[in-house]
Q: 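Okay, handing you the structure first.
Counting convention: from 1, in listed order, for ligands and their atoms alike. For clarity, every value in this text was computed on a predicted model and none was experimentally measured. Position 1 is the first residue of the sequence; numbering continues from there.
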Amino acid sequence: MTKTEVIVIGAGAAGLFCATEAGKRGRKVIVFDHAKRLGGKILMSGGGRCNFTNTYTSHENFLSQNPHFCKSALSQYTQWDFISLVNEYGIKHHEKTLGQLFCDDSAKDIVDLLLAECKKANVDIKNRTEIIGIEYVDNRYVVNTSQGVFSSESLVIATGGLSMPKLGATPFGYRVAEQFGLPIIPTKAALVPFTLQEHDKAVIGELSGISVDANASCNNTNFNESILFTHRGLSGPAVLQISSFWDPGQEVEFDLFPNADLLQDLLEQQQSNPEIQLSTALGKHYSKRFVQAAIPYFELDNKPLKQYNAKQLQSAADAFTQWRIKPNGTEGYRTAEVTLGGVDTDYVSSKNMQVKDQEGLFFIGEVLDVTGWLGGYNFQWAWSSGWAAGQVA
Ligand code: FDA
């Protein structure tokens with residue numbers, strides 16, 4: 001049996017970051033991962049440019065049964081700390097929108113940063129390693145792997161959630177939690193595109209590739225970003241964001257003219273250009289293809305503006321600004337960016353991620369019931385929770 005001080009299972013964002021912090025304290029750290037390629041999710045993230053944090057990060061950007069849980073770690077290691085580290089490595093980056101920081105060149109810069117930090121801290125990373133079982137014997141964690149049996153004083157579980165199984169996601173972390181008596185808050189795919197009912201899909205499929213600004217709302221929450229029509233349904237930032245708050249069977253409302261008053265605009269166009277058709281008036285704001293599909297979908301007449309009375313124009317505007325649709329479901333874990341739910345945080349110290357009644361066992365990152373909005377918050381949670389555990393593991 002190989003003895004070490006800290007074993008981290010999962011070489012993703014949280015696991016690698018935690019390993020470097022523990023290693024920097026002089027702890028002997030081994031990280032296991034079953035994946036062939038390290039940092040697979042990071043490499044795919046942010047369209048290949050990794051949205052590695054958000055300058056506006058606060059606990060309000062996270063969903064959890066205990067909304068206060070994430071506060072301590074986020075304040076111990078902040079977005080500014082990670083930005084300093086990125087700057088130390090000379091990684092060029094930019095703010096895309098709403099405080100979201102992306103690499104200028106490639107997400108590989110972030111993976112390289114993590115691997116360089118691990119190297120500096122003498123962390124031993126063993127990928128392509130299957131975990132066969134874990135036991136707790138004489139105050140040590142005995143981890144049976146495809147590369148032999150290892151034991152440690154501390155065991156950090158950083159195996160993430162269920163999203164994107166093709167990138168190596170498994171429910172492993174939840175099974176370890178259950179083994180040690182920790183409950184799991186039911187999981188659900190989040191930051192995920194909606195699929196549509198057949199009658200909506202027939203029309204919306206035609207709009208594939210079109211993106212429009214929208215305010216999406218559901219369950220008293222709303223996001224003003226953009227939506228993207230796809231051949232499978234609805235995607236784009238506003239849809240991904242609201243999917244985390246949506247429950248099956250519910251309607252989502254979209255205001256497809258979120259930044260101005262559409263009725264006012266149509267009334268003004270009616271005054272200035274009474275002969276133009278509704279489609280032409282709407283074409284000032286939307287693509288022709290979108291307008292051509294939307295008018296029949298919303299069951300509107302396409303007539304010269306002068307033929308509409310105020311009530312009819314109001315109905316036309318309402319169709320675009322109060323579009324209510326009941327998704328059929330979501331695309332599920334196959335394409336979801338994150339997993340809602342996870343290891344119940346009531347059983348874990350918010351200060352250092354250690355299980356309250358099980359010394360030396362830690363859960364960090366997405367495996368916990370802490371889920372960020374879209375926009376770099378999930379990586380910030382990985383850094384902050386990994387850092388917090390790395391100070392004591
Ligand atoms: P993560 O999933 O990163 O790592 C878990 C590791 O554990 C993996 O390496 C896996 O192979 C390993 N593992 C799992 N089961 C195992 C087992 N049984 N045995 C051994 N190893 C095992 N967030 C963000 O903030 N900005 C962004 O731009 C994006 N973009 C993005 C794009 C896409 C396509 C996805 C799928 C996700 C994002 N995210 C994101 C979310 C972000 O990637 C995610 O929240 C973090 O990677 C979570 O970090 P963790 O380290 O907790 O898990």
Q: Test of understanding: given a 4.0 Å heavy-atom threshold, classify the contact between A158 and ligand 1 as side chain, backbone, both, or neither.
A: backbone
Q: Are F320 and Y286, when compared by the centres of their aromatic rings, separated by less than 6.0 Å?
A: yes
Q: Relative to the ring of W373, is the ring of F245 parallel (under 30°), tilted (30 to 60°) or perpendicular (over 60°)?
A: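 Ring orientation, 0 to 90° scale: perpendicular.
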Q: What protein heavy atom sits nearest atom 34 (C) of ligand 1, and how far off is it?
A: M164 CE, 3.6 Å
Q: Counting each atom of ligand 1 from 1 as listed, which ones have a heavy atom of Y377 under 4.0 Å away?
A: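 Taking each heavy atom of Y377 in turn, ligand 1 has 25 (O) under 4.0 Å.
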Q: Can you sort out which atoms of ligand 1 are near G160, meaning under 4.0 Å from one of its heavy atoms?
A: 5 (C), 52 (O), 53 (O)
Q: Suppose I only count heavy atoms of G46 and a 4.0 Å limit; which atoms of ligand 1 are within that range?
A: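 Here the atoms of ligand 1 in question are 28 (O), 30 (N).
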Q: Nearest to atom 2 (O) of ligand 1, what protein heavy atom do you find, and at what distance?
A: K41 NZ, 3.2 Å
Q: Could you identify the single nearest non-hydrogen protein atom to atom 37 (C) of ligand 1 and state the distance to 0.1 Å?
A: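 It is E337 O, 3.2 Å.
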Q: Identify the closest protein heavy atom to atom 15 (N) of ligand 1: which residue and atom is it, and at what distance?
A: T170 OG1, 2.6 Å
Q: Considering the heavy atoms of A14, write down every atom of ligand 1 situated less than 4.0 Å from one of them.
A: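 Atoms satisfying the 4.0 Å criterion: 51 (O), 52 (O).
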Q: Which of the numbered atoms in ligand 1 are under 4.0 angstrom from any heavy atom belonging to G168?
A: 10 (C), 11 (O), 13 (N), 14 (C), 15 (N)
Q: Got the closest protein heavy atom to atom 12 (C) of ligand 1, with its distance?
A: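 In this structure, atom 12 (C) of ligand 1 has D33 OD2, 3.2 Å as its nearest protein heavy atom.
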Q: Please classify the F379 to ligand 1 contact at 4.0 Å (heavy-atom distances, strictly less than): side chain, backbone, both or neither.
A: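 Both backbone and side chain of F379 come within 4.0 Å of ligand 1.
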Q: Among protein heavy atoms, which sits nearest to atom 32 (C) of ligand 1, and what does the distance come to when rounded to 0.1 Å?
A: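 Of the protein heavy atoms, S45 CA, 3.6 Å lies nearest.
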Q: With a cut-off of 4.0 Å, which atoms of ligand 1 are near a heavy atom of N51?
A: 24 (C), 25 (O), 26 (N), 27 (C), 28 (O)
Q: Does E366 approach ligand 1 within less than 4.0 angstrom via side chain, backbone, both or neither, non-hydrogen atoms only?
A: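 Both backbone and side chain of E366 come within 4.0 Å of ligand 1.
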Q: Determine, for D109 against K92, whether the closest basic-nitrogen to carboxylate-oxygen distance falls under 4.0 angstrom.
A: no
Q: Can you give me the closest heavy-atom contact between G233 and I204, atom names plus distance?
A: O-CG2, 4.0 Å
Q: What atoms of ligand 1 come closer than 4.0 angstrom to any heavy atom of G12?
A: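 Near G12, meaning under 4.0 Å from one of its heavy atoms, ligand 1 has 3 (O), 4 (O), 6 (C), 9 (O), 51 (O).
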Q: Any salt bridge between R324 and E253, counting N to O under 4.0 Å?
A: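 Salt bridge present between R324 and E253.
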Q: Less than 6.0 angstrom separating the ring centers of Y377 and W381, yes or no?
A: no
Q: Any idea which part of F52 is under 4.0 Å from ligand 1, heavy-atom wise: side chain, backbone, both or neither?
A: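 Under 4.0 Å from ligand 1, F52 contributes no heavy atoms.
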Q: Quick one: are the ring centres of Y77 and F17 less than 6.0 Å apart?
A: yes
Q: If the cut-off is 4.0 Å to any non-hydrogen atom of F172, which atoms of ligand 1 fall inside it?
A: 18 (N)
